[in-house]
Amino acid sequence: MIATESLSKRFPRVTALDRLSVDVGPGVTGLVGANGAGKSTLIKILLGLSPATEGRAEVLGLDVATKGADIRERVGYMPEHDCLPPDVSATEFVVHMARMSGLPPTAARERTADTLRHVGLYEERYRPIGGYSTGMKQRVKLAQALVHDPQLVFLDEPTNGLDPVGRDEMLGLIRRIHTDFGISVLVTSHLLGELERTCDHVVVVDGGKLLRSSSTTDFTQTTTTLAIEVTDTDEHPDGTRAVRDALDARGVTVEDGSGLPGAGHVLLLTSAGEETYDLVRDVIADLGLGLVRMEQRRHHISEVFTDNDAARKEAVGHGS
Amino acid sequence: MAAEQPTATVPGDQTRIHNIGYRSYDGPRLGRAYARRSLYSQSLRGAYGLGRSAKSKVLPMLLFVVMCLPAAIMVAVAVATKANDLPVDYTRYAIILQAVISLYVASQAPQSVSRDLRFKTVPLYFSRPIETSDYVRAKYASLASALFILTAAPLLVLYVGALLAKLEFADQTKGFAQGLVSVALLSLLFAGLGLVVASVTPRRGFGIAAVIAVLTITYGAVSTLQAIADVQSSSGAVAWIGLFSPITLIDGVQSAFLGATSAFPGGVGPSNGVGAVYVLVTLGLIAGCYGLLMRRYQKVGL
């Protein structure tokens, strides 16, 4: 779908992309990086809107330097920022954007009705966008990126500003774009945990350099961490400690969640899969403690880097 | 979400109604030229508030009526009194109603470009198959067309009225044609100036004020200076001063080449030599506005 070869973009004072070579296949791909890591610059170059300083890039087999307009006809783009005029209705706006992508008027209307329904906008689509909630606006932004049935969409921080429920709905929608609609997705985020659940493949960039590119299963193997919190009982006045000792006895390495909210009461352990969940459940049940929570930790981008060697750590230090 | 799913109590029905699956699109994709035309027609309709809220239709429609009403009255008078000629030349009409035209430009130029900047819709356009030049051309052409409709419609009313009043056909047709050329130039010039000023600011209010300032202050200054020059009977200076405001520029061009009587003090327009300078300056300004707009949007990426 996307292939870049030592792609660089230098501005007078900043190097936004530094010899980035990456291959992205069909499916949902996450592009992770801190703010200023070069994600938006990469999208801009891939849309053929900004020339690369050196190197080359292809999208759908088309060279970005010469075939920009052809690429933009087959690719959708959802920007990070607000981009919706408040005084028109979602239908009106999306129809216009469909025509801007080259769809004839009748097709534009049909596709708009379809797409708005798929992203979950119903009756409210006839009302002016100004009165929409953030979640609804994000859906309109997504609809305009999908309305011309592209082969690939770029979604720039689609979960920005959404509450947890909205976030989950948006992530589910992104998953469906590939599974149900057959459209490949490149989605950016600075939250790795979010992308882990949604993407087939994750690319991590920092300071314009490629840090890591691998399938999500690779990531989850090394990074899935469980956080557990238990109650205290009379029998075990320090329940956390008891669980820890019991797990240690069974050969599971446990760390205390220092630095996290509720530190001292939270235990972190690396999950090896289903059996870890079962083990934790059994251990806690045997001790007669109450399980307050057991959840997959949301990873912040920086945690990927701590797994890597010292040199990369340093690079992150510079980047953030 | 509940409101749009009245059948939610019957899950089977709901699935059948709402989940008909994703349909892909295999139809034609008409590409860049079509996208540019779409933007043009959307902007042109927008310039009269069509496809926008009822509130935004009020001003442009009102100005359109105000533009045409005097023409209708003149025609009525001409027909009723069986006059030999229309009370006002075709070329003079736009000059008399310049305040209305300025108001229209001031209200619609920011509507056309400042909105896109303010709500950051511009990057969305550039993620489509169009290029910078397509955006600029579509916006420029749409506002110029909207202005042409505004200024040519009353001329058409005059012309049809003149024919109904059985005024001399050849004479009227010639005047009408000259009038059309003049308002076409005026539309291009005013649209260009309006868009250049409006594209600088994402704030609509500033845009409106700035366009009005550019169009009226220059006219005020130029006509004052012309009046002073006329009193001091240096009629050569009157013609040269006229180069410095858009409406006197159009006045100069049409009194030199389009058989109009000048609205300059003393009623003496520029001679053919100076008139050529007027034409060059007008065309130069139009080209300059286009160039500035291109430069302005070169930088607006994502």
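Convention: sequence-line order gives letters A, B, ...; per-chain numbering from 1.
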Where on A/Val95 is there a heavy atom nearer than 4.5 Å to chain B: the side chain, the backbone, both, or neither?
neither
So, for A/His81 and B/Phe119, is the gap between ring centers shorter than 6.0 Å?
no
State whether A/Arg111 and A/Asp114 are salt-bridged, where the test is any N-O pair (Lys NZ or Arg NE/NH1/NH2 against Asp/Glu carboxylate O) under 4.0 Å.
no
Kindly check if the number of other-residue, nucleotide or ligand heavy atoms within 6.0 Å of CZ (B/Arg203) is above 12?
no
Please flag which part of A/Ile71 lies under 4.5 Å from any non-hydrogen atom of chain B: side chain, backbone, both or neither.
neither
Contact origin within A/Leu146 toward chain B - heavy atom pairs under 4.5 Å:
backbone
A/Leu31 CG to A/Phe154 CZ distance, which is reported to the nearest 0.5 Å:
10.0 Å
Heavy-atom pair count under 4.5 Å with chain B, highest-scoring of A/Pro86, A/Ala107, A/Gly48
A/Pro86
For chain B, find which of A/Pro85, A/Cys83, A/Ala69 contributes the most heavy-atom pairs closer than 4.5 angstrom.
A/Cys83
Taking side chain as everything from C-beta outward and backbone as N, CA, C, O, which of these in A/Glu73 sits under 4.5 Å from a heavy atom of chain B? Side chain, backbone, both or neither.
both
Dump the intermediate steps for ring-ring contact (aromatic ring centres under 6.0 Å, His included) on B/Tyr135 and B/Tyr125, then the final yes or no.
CA-CA 8 Å; B/Tyr135 181 83; B/Tyr125 284 127; 5.7 Å; yes
Any salt bridge between A/Arg72 and B/Glu131, counting N to O under 4.0 Å?
yes
Top of A/Val88, A/Leu121, A/Asp82, A/Val75 for chain B proximity - count of heavy-atom pairs under 4.5 angstrom
A/Asp82
Under 4.5 Å heavy-atom distance to chain B, tell me which part of A/Leu84 shows up: side chain, backbone, both or neither.
backbone
Just so I understand: if I count every heavy-atom pair under 4.5 Å between each of A/Pro128, A/Gly68, A/Ser50, A/Pro105 and chain B, which residue has the most?
A/Pro105
Under 4.5 Å heavy-atom distance to chain A, tell me which part of B/Arg115 shows up: side chain, backbone, both or neither.
side chain
Going by the angle between their ring planes, with limits at 30° and 60°, are B/Tyr104 and B/Tyr48 parallel, tilted or perpendicular?
tilted
Quick check on A/Glu80 against chain B: is it the side chain, the backbone, both or neither that has a heavy atom closer than 4.5 Å?
neither
Need one label for A/Phe93: side chain, backbone, both or neither, based on atoms under 4.5 Å from any heavy atom in chain B.
side chain
Determine whether the aromatic ring centres of A/Phe181 and A/His118 lie less than 6.0 Å apart.
yes
